[in-house]
A.B. asks: 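Just passing along the structure, written as structure tokens.
Just so you know, these numbers come straight off a predicted model, no measurement behind them.
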Amino acid sequence: MSQPFNAASLARENVKTMTPYMSARRLGGNGDVWLNANEYPIAPDYQFSERNLNRYPECQPVAVINNYAAYAKVKPEQVLVCRGADESIELLIRAFCEPGKDAVMFCPPTYGMYSVSAETFGVEQKKIMALPDWALNVNAIRENLSNTKLIYICSPNNPTGNIIDNKDLREVLDMAAGRALVVVDEAYIEFCPQYSVASWLAQYPNLVILRTLSKAFALAGLRCGFTLASPEVIEVLLKVIAPYPLSTPVAMIAAQALEPQGIETMKSRVETVTENRIALREALRDLSVVEHVYPSETNYILVRFTDGNKVFKALWDQGIILRDQSKQPGLINCLRITIGTEIENTRVIEAIAALC
């Protein structure tokens, strides 16, 4: 009699023990107010009418590349398009890090996929904790540069919502010159475009920038992201990217979103989200169960409660799904709340006020 099949026994050793990234959809819930994934709350309206789905798409669709290059004010050869910024995170590790030899660095509390991607590929992780005000610990970064190939810095940072100081970014870029790439994750930069470092690409050949259409462009379901870097870095990434990373419908809709009218619509969304964020923040600050509402330059806010678990469960039971950040270092009792519609935000305020 044959032995029962055990797929787990065939997995790589590091995969056997790793914990997967728990995305908002994996966590589930039976909500009607979804404020846990930093999505735009209203679906955009795009049409797809091509009749060429029998053909493979371009690896790097020209219209998408050209439109994004114009939007980001870079050259087309400085742009790579892929399946969300998450794929960019992995491509950089695959292309630049030798397992068992090189390391990636990031600064918790921050986005969890830097860690998961490094662990997936068996690459060492150097976790340099942010300072109490969530600024970079530049001295600790300098002391840990040995064998580091990639330094991931999220700005605005997820889940804290703060901008990383440009002076600190320049210092890290200078100290890493010739030895590591500094990857600035600008997934939320449309909510504070004045802080983008895309204009630095000519000055810093070791700078890489990650972007996405998932947030301000309201296209999280499209899975379309971008890497901005020197042409030399883009050429390396093209060696390891999948042959057809974007499906034809994705490429067509992304190109539409990046036309002038699509960009104007995005900016209008940003204004609405910003207004709703300010209103939600002001309302929450007055509630007795709220210890602190942190400043944010994004489409979400981080809130520290007297009992975060109690608030999370109470709203969960009412169909209001937030994101618990308590397992992140320094974020005990903290919940991240995506900015929803005015009606959704009112439901959040009323539900939390009922606990006071």
A.B. asks: Check the hydrophobic clustering (I, L, V, M, F, W, Y; side-chain heavy atoms under 4.5 Å; chains of links allowed) and say if Phe217 and Met252 are grouped together.
C.D. replies: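 No, it is not one cluster - the side chains of Phe217 and Met252 are not joined through contacts under 4.5 Å.
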A.B. asks: Under the side-chain contact (heavy atoms from CB on, under 4.5 Å) criterion, do Leu258 and Leu213 qualify, and how do the steps go?
C.D. replies: CA-CA 9 Å; Leu258 292 164; Leu213 299 186; 4.2 Å; yes
A.B. asks: Distance only, no hydrogens: is a donor on one side chain within 3.5 Å (strictly under) of an acceptor on the other, for Glu291 and Thr306?
C.D. replies: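 Checked: Glu291/Thr306 side chains show no N/O donor-acceptor pair below 3.5 Å.
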A.B. asks: Checking side chain to side chain contact (heavy atoms under 4.5 Å, CB included) between Val172 and each of Leu136, Leu207, Val184, Leu145, which is the one that passes?
C.D. replies: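 Going through the options one by one, the only one that passes is Leu136.
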A.B. asks: Gln256 side chain to Gln47 main-chain N or O, any donor-acceptor pair under 3.5 Å?
C.D. replies: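 Checking the backbone N and O of Gln47 against the side chain of Gln256, a donor-acceptor pair under 3.5 Å is found.
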A.B. asks: Count I, L, V, M, F, W, Y as connected when their side-chain heavy atoms are under 4.5 Å apart, and connections chain through other members. Are Leu80 and Ile89 then in the same cluster?
C.D. replies: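 Both belong to a single hydrophobic cluster.
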A.B. asks: Under 3.5 Å, is there a donor-acceptor pair between the Tyr300 and Arg323 side chains?
C.D. replies: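 Note: Tyr300 and Arg323 side chains miss the donor-acceptor criterion.
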A.B. asks: Taking Glu344 first and then Arg347, would you say they form a salt bridge - that is, a charged N and a carboxylate O separated by under 4.0 Å?
C.D. replies: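 The answer is no: the pair does not qualify as a salt bridge.
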A.B. asks: For Glu342, does the CD atom have more than 12 heavy-atom neighbours from other residues, nucleotides or ligands under 6.0 Å away?
C.D. replies: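 Check fails, neighbour count at 12 or below.
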A.B. asks: Quick check against the 3.5 Å criterion: does Asn137 have a side-chain atom that pairs as donor or acceptor with the backbone of Ala140?
C.D. replies: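 Between the backbone of Ala140 and the side chain of Asn137 there is a qualifying donor-acceptor contact (under 3.5 Å).
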A.B. asks: Quick check: is Val240 connected to Leu181 through a chain of hydrophobic side chains (ILVMFWY, heavy atoms under 4.5 Å apart)?
C.D. replies: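 Linked, Leu181 and Val240 end up in one cluster.
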A.B. asks: If hydrophobic clusters are built from ILVMFWY residues whose side chains come within less than 4.5 Å, do Phe191 and Trp134 share one?
C.D. replies: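 No: no chain of side-chain contacts under 4.5 Å links Phe191 to Trp134.
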A.B. asks: Any sub-3.5 Å donor-acceptor pair from Arg336's side-chain atoms to Asn36's backbone N or O?
C.D. replies: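 Yes; judged by distance alone, with no hydrogens or angles, the pair exists.
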A.B. asks: What's the verdict on side-chain hydrogen bond (donor to acceptor under 3.5 Å, both in side chains) for Ser196 and Arg211, showing C-alpha distance, side-chain angles and the deciding distance?
C.D. replies: CA-CA 11 Å; Ser196 175; Arg211 296 281 191 85; 3.1 Å; yes
A.B. asks: Working to the nearest 0.5 Å, report the span between CD of Gln125 and CZ of Phe106.
C.D. replies: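 If we round to the nearest 0.5 Å, Gln125:CD and Phe106:CZ are 4.5 Å apart.
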A.B. asks: Could you give the distance from CG (Asn162) to OG (Ser155), rounded to the nearest 0.5 Å?
C.D. replies: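 OG of Ser155 is found 7.5 Å from CG of Asn162.
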A.B. asks: Quick one: does any side-chain atom of Ser326 pair with a main-chain N or O of Ile332 as donor and acceptor, under 3.5 Å?
C.D. replies: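 Flag not set: sc Ser326 to bb Ile332 has no pair under 3.5 Å.
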A.B. asks: Just checking, Arg94 and Phe121: is the charged tip under 6.0 Å from the six-membered ring centre and within 45° of the axis?
C.D. replies: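 No, a cation-pi geometry is absent between Arg94 and Phe121.
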A.B. asks: Return the SG to CD distance between Cys192 and Glu186, rounded to the nearest 0.5 Å.
C.D. replies: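 Separation between the atoms: 8.0 Å.
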A.B. asks: If the threshold is 4.0 Å, N to carboxylate O, is there a salt bridge linking Asp286 and Arg281?
C.D. replies: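 Not counted as a salt bridge, because no side-chain N and carboxylate O are separated by less than 4.0 Å.
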A.B. asks: Between Lys313 and Asp317, is there a side-chain N and carboxylate O pair less than 4.0 Å apart?
C.D. replies: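 So Lys313 pairs with Asp317 through a salt bridge.
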A.B. asks: Using a 3.5 Å distance criterion without hydrogens, assess whether the side chain of Asn299 forms a donor-acceptor pair with backbone atoms of Tyr40.
C.D. replies: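 Side chain of Asn299 to backbone of Tyr40, a donor-acceptor pair under 3.5 Å: no, none is there.
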A.B. asks: Taking atom CZ of Phe48 as the centre, does the number of heavy atoms from other residues, nucleotides or ligands within less than 6.0 Å exceed 12?
C.D. replies: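 Counting other residues, nucleotides and ligands, CZ of Phe48 exceeds 12 neighbours.
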A.B. asks: Scan residues 237-250 for pairs that pass side chain to side chain donor-acceptor pair (under 3.5 Å), counting only residues two or more places apart or in two chains.
C.D. replies: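 Pairs touching residues 237-250 that pass the test: none.
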A.B. asks: Please answer whether the main-chain N or O of Leu335 pairs with a side-chain N or O of Asp324 as donor and acceptor at a distance below 3.5 Å.
C.D. replies: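 Answer holds: no.
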A.B. asks: Is it true that Glu39 and Lys215 have a side-chain N and a carboxylate O under 4.0 angstrom from each other?
C.D. replies: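 Salt bridge flag = no for Lys215 with Glu39.
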A.B. asks: Ile241 versus Glu87: any side-chain heavy-atom pair under 4.5 Å?
C.D. replies: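 Ile241 reaches Glu87 side chain to side chain.
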A.B. asks: Using the rule side chain to side chain contact (heavy atoms under 4.5 Å, CB included), only one of Asn333, Val348, Val290 pairs with Val303; which is it?
C.D. replies: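 That would be Val290.
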A.B. asks: Kindly work out whether a path of hydrophobic side-chain contacts (I/L/V/M/F/W/Y, heavy atoms less than 4.5 Å apart) joins Tyr152 to Ile163.
C.D. replies: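 No.
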A.B. asks: Would you check if the side chain of Gln78 reaches a backbone N or O of Lys75 as a donor-acceptor pair within less than 3.5 Å?
C.D. replies: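 The answer is yes, because a donor-acceptor pair under 3.5 Å joins these two groups.
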A.B. asks: How long is the straight-line distance from CD1 of Ile153 back to CD1 of Ile209, given to the nearest 0.5 Å?
C.D. replies: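 CD1 of Ile153 is found 11.5 Å from CD1 of Ile209.
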A.B. asks: Test your reading of the model: is there a side-chain donor-acceptor pair from Asn345 to the backbone of Ala279, 3.5 Å cut-off?
C.D. replies: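 Not at all, since once roles are kept as given, no pair shorter than 3.5 Å links the two residues.
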A.B. asks: Per the side chain to side chain contact (heavy atoms under 4.5 Å, CB included) rule, which among Asp185, Leu302, Asn38 passes with Asn158?
C.D. replies: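 That would be Asn38; it is the only one of Asp185, Leu302, Asn38 passing the side chain to side chain contact (heavy atoms under 4.5 Å, CB included) with Asn158.
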A.B. asks: Sequence neighbours excluded, which residues qualify as side-chain hydrogen bond (donor to acceptor under 3.5 Å, both in side chains) partners of Asn54?
C.D. replies: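 By the side-chain hydrogen bond (donor to acceptor under 3.5 Å, both in side chains) rule, Asn54 matches no residue at all.
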A.B. asks: About how many Å separate SG of Cys334 and CD of Gln328, when rounded to the nearest 0.5 Å?
C.D. replies: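 Between Gln328 CD and Cys334 SG, I get 10.0 Å after rounding to 0.5 Å.
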A.B. asks: Given 3.5 Å as the limit, does a donor-acceptor pair link the side chain of Asp102 with the main chain of Glu124, or not?
C.D. replies: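 No, the answer is negative, given that no donor and acceptor are paired below the 3.5 Å cut-off.
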A.B. asks: What is the ring orientation for Tyr204 with Trp200, classed by angle as parallel under 30°, tilted 30 to 60°, or perpendicular over 60°?
C.D. replies: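 If you compare the ring of Tyr204 with that of Trp200, the planes turn out tilted.
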A.B. asks: Among Lys267, Gln261, Glu259, which residue satisfies the side chain to side chain contact (heavy atoms under 4.5 Å, CB included) criterion with Ile263?
C.D. replies: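 Exactly one pass, corresponding to Lys267.
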A.B. asks: Is the ring pair Tyr294/His292 parallel, tilted or perpendicular, if the boundaries are 30 and 60 degrees?
C.D. replies: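 Rings of Tyr294 and His292: perpendicular, over 60°.
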A.B. asks: To the nearest 0.5 Å, tell me how far Lys149 NZ sits from Cys97 SG.
C.D. replies: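 Separation between the atoms: 6.0 Å.
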A.B. asks: Are Arg223 and Asp86 ion-paired here, with the side-chain N under 4.0 Å from a carboxylate O?
C.D. replies: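 Yes, Arg223 and Asp86 are salt-bridged.
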A.B. asks: Under 3.5 Å, is there a donor-acceptor pair between the Asn52 and Arg55 side chains?
C.D. replies: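 Their side chains do not contain a donor-acceptor pair, so the 3.5 Å distance test is not met.
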A.B. asks: Checking the side chain of Thr148 only, and the main-chain atoms of Leu150 only, is there a donor and an acceptor separated by less than 3.5 Å?
C.D. replies: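 Checked: no pair found.
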